[in-house]
Number of protein chains: 2
Amino acid sequence: MEGAAVAAVAPAGNDAAWDIIELLFFAYRDFVGDPDEVLLKYAFGRAHHRVLHFVNRNPGMKVADLLDILNITKQSLGRVLKQLVDQGFILQKEGEQDRRQRLLYATPKGEALSYKLAQLQTERINRAFAELGPGAHDAARRFLTAMIDSDNREGVLRQIARGDRAKPRG
Amino acid sequence: MEGAAVAAVAPAGNDAAWDIIELLFFAYRDFVGDPDEVLLKYAFGRAHHRVLHFVNRNPGMKVADLLDILNITKQSLGRVLKQLVDQGFILQKEGEQDRRQRLLYATPKGEALSYKLAQLQTERINRAFAELGPGAHDAARRFLTAMIDSDNREGVLRQIARGDRAKPRG
DNA sequence: AATTTATGTCAGTCATGTTGACATATTTTG
DNA sequence: CAAAATATGTCAACATGACTGACATAAATT
């Protein structure tokens, strides 16, 4: 039996999924590395990038929603958010129904930077899909989705769908 | 400036690859999140995890090789490496041909921790592949490979192949 | 013998995360 | 209405893991 041979001694040593661990590490390293040079010119870091990206994708989102997505504390968020607001990349508007809320919007300036950064990443992604041929996009989407915690998965997908709805012009 | 006037341009707004940007973010967030709890108990961080992982996969690797893989400075590496050595997870052996080199090996203790952490990640990966059916592993491997910088790609693949060669005991 | 290489280390800084405590305005609830 | 809960912001202290720059040591190479 094949299964018996594989299960022998090494605990996880020849698990076929090991290559994915490493490929994911290298792919992600290069993927997030692209925007870093651009961010340097603005004296921003990856934290700013993440905030700007999700705000741009979800105009009018609440601070609390952003905290949930990023999985960080409000103190951590506060620092970078303040810089983005002070420098005119993001603006905060009082909620209309609930005036405690500070709804977040990317300014045109913020939108421009967000797109610029996203473009570097979509270029890499599209280059990969061009290499791999049709079906690759769908396969990648399904793989990445399956890698997300199942409890969060629906929320994430709704999140992404919301973003698609918010930007569909052109 | 009421946020309504989205007069600007929409350069990459409806690029189909946008969903991959976000899925990659969430998938990676959950993927690296798994080992974090375990690492907490050892007072280690992700930096330790990465070092231990690659050393375990490449017994006898040079410090310089590790620096190349991790893309960090020797000062950054030095701190976490010292802790791993002091606490008996990694040992350094003088190179035989070149006695300046400190070749790195995981101790049995280090190997055990490395496997424990990897197992959390392979469980997630295998769960995903089980969901997706046959062909998913290959598709994921090809996608992630295509996402790596093409200049590094060969080196990375050689690196992964070396790791596979180093661990096949059963 | 001089230079280069592999590694280590000291010292200071920065970015980004954490906890804990507290403040303020607003909405919801008893 | 008063009290409690909620959304957000802020101060202070601290940890991790990056960074730069300078310098040290031993061994290999020229």
Side-chain angles (χ1 to χ4, degrees), chain A residues 25 28-29 32-33 35-55 60-87 90-105, chain B residues 25 28-29 32-33 35-55 60-87 90-105:
Chain A
F25 169 77
Y28 197 79
R29 186 191 68 175
V32 298
D36 282 357
E37 305 163 36
V38 176
L39 288 163
L40 264 183
K41 293 191 289 192
Y42 293 82
F44 286 155
R46 285 180 196 169
H48 301 86
H49 183 191
R50 290 194 289 267
V51 169
L52 184 57
H53 176 91
F54 284 108
V55 169
M61 79 188 305
K62 294 190 300 174
V63 169
D65 292 339
L66 191 49
L67 289 174
D68 280 349
I69 286 176
L70 299 176
N71 254 347
I72 58 176
T73 57
K74 63 179 171 179
Q75 295 91 329
S76 292
L77 174 59
R79 202 166 17 208
V80 298
L81 185 54
K82 191 177 187 318
Q83 294 173 318
L84 287 164
V85 169
D86 287 350
Q87 294 176 45
I90 288 180
L91 66 83
Q92 295 177 290
K93 266 176 67 179
E94 199 170 67
E96 297 201 347
Q97 312 95 325
D98 187 336
R99 289 177 23 236
R100 291 171 304 183
Q101 298 174 347
R102 297 298 135 85
L103 306 183
L104 303 171
Y105 298 85
Chain B
F25 169 77
Y28 197 79
R29 187 191 66 176
V32 298
D36 283 357
E37 304 162 37
V38 176
L39 288 163
L40 264 184
K41 293 191 291 193
Y42 293 82
F44 286 156
R46 286 178 197 169
H48 302 86
H49 183 191
R50 290 193 289 266
V51 169
L52 183 57
H53 177 91
F54 284 109
V55 169
M61 78 188 306
K62 294 190 299 174
V63 170
D65 292 340
L66 192 48
L67 289 176
D68 280 348
I69 286 176
L70 299 176
N71 253 347
I72 59 176
T73 58
K74 62 180 172 179
Q75 295 92 329
S76 294
L77 175 60
R79 198 168 19 207
V80 299
L81 185 54
K82 189 176 190 316
Q83 293 174 318
L84 287 164
V85 169
D86 288 350
Q87 294 176 46
I90 287 180
L91 64 83
Q92 294 177 291
K93 267 176 66 180
E94 200 171 66
E96 296 201 347
Q97 311 95 326
D98 187 335
R99 287 175 28 236
R100 292 170 302 181
Q101 299 174 346
R102 296 300 135 84
L103 306 184
L104 303 171
Y105 298 86

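Below, read A as the first sequence line, B as the second, and so on, with proteins coming before strands; counting in each chain starts at 1.
- Put simply, A:Ser76 has a side-chain N or O that comes within less than 4.0 Å of OP1 or OP2 on C:dT18.
- In this structure, A:Leu84 atom CG and D:dG9 atom P are separated by 13 Å, rounded to whole Å.
- Counting any heavy atom pair closer than 4.0 Å across all strands shown, B:Gln92 reaches sugar-phosphate atoms only and no base atom.
- Considering CD of B:Glu94 and CD of B:Gln101, their distance stands at 10.0 Å, rounded to 0.5 Å.
- Summarising the geometry, the separation between CZ on A:Phe44 and C1' on C:dC14 is reported as 16 Å, rounded to the nearest angstrom.
- Contact of the A:Tyr42 side chain with the A:Leu84 side chain is not registered, since no non-hydrogen atoms from C-beta on lie closer than 4.5 Å.
- Looking at the side chain of A:Glu94, the nearest of the listed nucleotides D:dA28, D:dT8, C:dT26 is C:dT26.
- Backbone-only engagement by B:Asn71 is indicated by non-hydrogen atom pairs under 4.0 Å involving sugar-phosphate atoms exclusively.
- Taking atom CG of residue B:Leu81 and atom C1' of nucleotide D:dA18, one finds them 16 Å apart after rounding to whole Å.
- Close to C:dT18, at under 4.0 Å from its OP1 or OP2, lies no side-chain N or O of A:Arg79.
- Residue contacts shown for B:Lys82 are absent, as no nucleic acid heavy atom lies under 4.0 Å away.
- Residue B:Leu52 contributes atom CG, which lies 13 Å from atom P of D:dG17 at whole-angstrom precision.
- Between the side chain of A:Arg100 and the base of D:dG9 there is no donor-acceptor pair of N/O atoms closer than 3.5 Å.
- Side-chain atoms of A:Ala47 lie closest to C:dG17 of the nucleotides C:dA6, C:dG17, C:dA21.
- Rounding to the nearest 0.5 Å places CG of A:Leu52 at 9.0 Å from CG of A:Leu39.
- Both B:Asp98 and A:Leu77 lie close to DNA chain C; mapped to their nearest nucleotides by heavy-atom distance, the more 5′-ward contact belongs to B:Asp98.
- The shortest side-chain heavy-atom distance between B:Lys62 and B:Asp98 does not fall under the 4.5 Å cut-off.
- Counting any heavy atom pair closer than 4.0 Å across all strands shown, B:Arg46 reaches sugar-phosphate atoms only and no base atom.
- Counting to the nearest Å, the P atom of D:dA7 and the NZ atom of A:Lys74 are 11 Å from each other.
- Contact annotation: B:His48 side-chain N/O to D:dG17 OP1/OP2 distance is under 4.0 Å.
- Across the protein-nucleic acid pair, B:Lys62 atom NZ and D:dA28 atom P stand 13 Å apart, rounded to whole Å.
- One N or O donor and one acceptor, one from the side chain of A:Gln75 and one from the base of C:dG20, sit under 3.5 Å apart.
- Rounded to whole Å, atom P of C:dT26 lies 15 Å from atom CD of A:Glu96.
- Nucleic acid contact for B:Gly45: sugar-phosphate only, since backbone atoms but no base atoms lie under 4.0 Å from a heavy atom of the residue.
- Heavy atoms of A:Gln97 sit under 4.0 angstrom from primed sugar atoms or phosphate atoms, though from no base atom.
- The shortest distance between the side-chain N/O atoms of A:Thr73 and the OP1/OP2 oxygens of C:dT18 is below 4.0 Å.
- No contact: B:Asp36 has no heavy atom under 4.0 Å from any strand.
- Atom pair B:Arg102:CZ and C:dT9:C1' shows a separation of 13 Å (rounding to whole Å applied).
- The shortest distance between side-chain heavy atoms of A:Asp65 and A:Phe54 does not fall below 4.5 Å.
- Taking CD1 from A:Ile90 and NE2 from A:His48, the interatomic distance works out to 9.5 Å, rounded to the nearest 0.5 Å.
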